[in-house]
Amino acid sequence: MKINKRFTYTIIAIIFGVLIGSLILIINNINPIKAYKVIFLGAFGKPKYVSWVIVRSVPYILTGLSVAFAFQTGLFNIGAEGQFIVGSIGALVSGLLLNLPPVLHAIVALIVGTLCGSLWGAIVGYLKSNHNVNEVISSIMFNWIGFYLLNYSLTFPSLRSIESDNSYTIKASASIRFLGEWKKSQAGRAFLSHNKILRDVLNPPVNWGIIIAIVCAIVIWYILKKTTLGYELKSVGFNADAAEYAGINIKSSIIKSMAISGALAGLAGAIMVLGVNHHIGKLASMENYGFDGMAVALIAGNAPLGVIPAALLFSGLNYGGAKLTTIGTYSEVVKIVIGIIIIFISMPKLFDILKQKFKNNSKVINKPQKEVEKNEWFFT
C-alpha cells in the first residue's frame, strides 16, 4: 500500500475511533468534548505531563519496531513481551553486579539487555527455520518462560532486596537518566528551585531512551530500505521459494530477522530498568509492553518511522486517559478508542470498497440525463 494512502486510512481510522468513543461516552451521560479535553490536557497540558508521555512512549517505540520489523520480513513476533522481560533481567544483572565507570557501565548494561532479547528472539527463529515450529506458538510460550524466569531470578539473594519483593536498585553508574546525579546534588536542587518549568520537565525520569529509540527507528528504516540485508530479509518474507532460488539462505535469514526483532524488544526492557525504574519487581501478570507494541505497529502500518508518532499517540492517550476518572467516567474508554482505531486500520480493504462504491454512486448521480432516459426502458 502506498504511504499516502496508508496515512490517509490511519487518519480516517483515528477519526472513526474518536467518533465511536464519543458515542460510548454519550451513552454513559458524559460530554465527549469535555472528556477529550481532559485526555488532551492530561497528556499535554503541563510540561511534566509531556515529559511523562515521552518517557512512556520509549518502550512502545521499540516494541512497536520489534513487531513491525518482523512483520516486514514475513514473520509475526508475538514474543516481544518475553524479549522485553529478559532484556530487563540482563540490564538489571549487569547494572547491579558489574563494577564499571559511569557511561561505560550504562552502555554495557544496555548491550547486555539487547543481547538477551536478541537471543530470546533467535531461539524462536531457530525453531521456525530448522524445525518448522510456528513462530506465533513458540513466541507465546517464550513469553511465559521469560515471565517465570524473572520471578525466579528474584529468589537469588544477590538480586532481591530484603525489604520487598523487588530487586536491589542498580548502581548509579549504570543509570541513563538525564542529569540524574546532578538533580540530586545541592547545586542542582538550588538551580531547579528557581526554574519551575525546567523542574517540571525533569521531574519525571527523563532519560536518553527517547534518543536511542529514534536512532533505532532510523537504523531499522535504513536496513529495510537501503541495505542488502534488508532486501534479503524482505525477500524471504515475500516469497521464500523465490528467495531460495536466488541463492538467499532462508534459515539464516529467519534467525537473523527474529534476532534483530528480539534485540529491539530487549533494548526496550533495558531502557526501562536503567532509565525509569532502576529495579525490577516480581510480576503478578504480564506488563503488556510487548503486546502494546503490536498495537503501535498496526497503527503505524508497520512503517519503522511511523512507529514514532504512533507510539507518542498511544502513550498520550493512555496517560491522558487515566485522568478521565476526574470527571466520573472510566479510563478504559481510551482502550476502546484505541481498539476501534486498530480494527479500522487492520481493514484497509474496507476503505477501498467504500471508496469504490462512493465513486460508482457519484458516476450514477452525475450521469447525463439523456443517457439515463435512453436506458430507462430496459429497467421498466
Side-chain angles (χ1 to χ4, degrees), residues 52-53 55-67 70 76-93 96 113 116-117 119-121 123-124 135-156 159-161 163-170 205 209 261-262 264-299 311 314-325 330-339 342:
W52 270 115
V53 168
V55 168
R56 287 168 172 249
S57 71
V58 172
Y60 298 140
I61 292 173
L62 290 169
T63 55
L65 274 175
S66 173
V67 175
F76 199 0
N77 181 21
I78 302 187
E81 182 72 18
Q83 294 146 17
F84 175 95
I85 291 171
V86 296
S88 66
I89 297 171
L92 174 84
V93 172
L96 186 60
C116 287
L119 175 63
W120 219 242
I123 295 172
V124 173
E135 74 274 14
V136 173
I137 306 276
S138 58
S139 59
I140 290 174
M141 295 299 101
F142 271 84
N143 284 341
W144 289 104
I145 295 171
F147 175 89
Y148 288 110
L149 180 63
L150 184 145
N151 287 346
Y152 175 70
S153 69
L154 291 178
T155 63
F156 291 93
L159 298 180
R160 180 177 175 177
S161 173
E163 291 81 11
S164 67
D165 286 336
N166 296 332
S167 70
Y168 289 110
T169 302
I170 62 168
S261 180
L264 292 164
L267 178 59
I271 288 173
M272 285 299 290
V273 170
L274 303 176
V276 181
N277 301 325
H278 280 178
H279 67 270
I280 60 175
K282 190 173 182 180
L283 297 177
S285 62
M286 294 287 186
E287 295 183 285
N288 289 329
Y289 285 110
F291 299 121
D292 288 341
M294 293 169 59
V296 169
L298 282 170
I299 292 172
F314 192 91
S315 177
L317 284 172
N318 276 295
Y319 186 74
K323 297 177 175 63
L324 282 174
T325 53
Y330 301 102
S331 60
E332 282 75 10
V333 170
V334 170
K335 297 188 183 300
I336 294 173
V337 171
I338 293 171
I342 292 169

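- In this structure, OG1 on T169 lies 7.0 Å from NE2 on H279, to the nearest 0.5 angstrom.
- Across S66 and Q83, no two heavy atoms sit closer than the pair OG-OE1, 3.9 Å.
- When atom types are taken as modelled, the side chain of N151 and the backbone of K282 share no donor-acceptor pair closer than 3.5 angstrom.
- Note that CG of L274 is 5.0 Å distant from CD1 of I170, once rounded to the nearest 0.5 Å.
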Problem set entry | Verdict with reasoning, L154 to S167, per side chain to side chain contact (heavy atoms under 4.5 Å, CB included) | CA-CA 6 Å; L154 291 178; S167 70; 3.7 Å; yes
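- The two residues S88 and V273 make their nearest non-hydrogen contact at CB-CG2, 3.5 Å.
- S161 is linked by a side-chain contact (heavy atoms from CB on, under 4.5 Å) to E163, S164, Y168, counting only residues two or more places apart in sequence or in another chain.
- P59 has its side chain out of reach of I271: every pair of non-hydrogen atoms, C-beta onward, lies at least 4.5 Å apart.
- Annotation: the span from I280 atom CD1 to L96 atom CG amounts to 9.5 Å, rounded to 0.5 Å.
- Looking at C116 and I89, their side chains never come closer than 4.5 Å, going by heavy atoms from C-beta outward.
- Residues forming a ring-ring contact (aromatic ring centres under 6.0 Å, His included) with Y148 (at least two apart in sequence, or on another chain): none.
- Checked against salt bridge (charged side-chain N to carboxylate O under 4.0 Å, His left out), R160 has the following partners two or more places apart in sequence or in another chain: D165.
- Although no hydrogens or angles enter the test, the distance criterion places a donor-acceptor pair under 3.5 Å between the side chain of E81 and the main chain of G290.
- Heavy atoms from other residues, nucleotides or ligands lying under 6.0 Å from NZ of K323 number more than 12.
- Looking at T63 and D292, their side chains never bring a donor and an acceptor atom within 3.5 Å of each other.
- Here the CD1-OG distance, from I61 to S315, works out to 8.5 Å after rounding to the nearest 0.5 Å.
- By the side-chain contact (heavy atoms from CB on, under 4.5 Å) test, A270 is found to be paired with A91, L110, residues two or more places apart in sequence or in another chain being considered.
- The side-chain contact (heavy atoms from CB on, under 4.5 Å) test applied to V276 returns V55, P205, N207, M272, not counting sequence neighbours.
- Looking at heavy atoms from C-beta onward, W120 lies in side-chain contact with L149 at the 4.5 angstrom threshold.
- Distance alone, capped at 3.5 Å, is enough to place a donor-acceptor pair between the N318 side chain and the F314 backbone.
- Summarising the geometry, atom CG belonging to L150 is positioned 8.5 Å from atom CG belonging to L92; distances are rounded to the nearest 0.5 Å.
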Just distance, no hydrogens or angles: give the donor-acceptor pairs under 3.5 Å from side chains in residues 136-146, sequence neighbours left out.
residue	atom	partner	partner atom	Å
S138	OG	N134	O	3.3
S138	OG	E135	O	3.4
S139	OG	E135	O	2.5
S139	OG	V136	O	3.2
N143	OD1	G82	N	2.7
N143	ND2	I78	O	3.0

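- At a threshold of 4.5 Å between non-hydrogen side-chain atoms, the residues V67 and S261 do not count as touching.
- Atoms CZ and CG, on F84 and N288 in that order, are 10.5 Å from each other to the nearest 0.5 Å.
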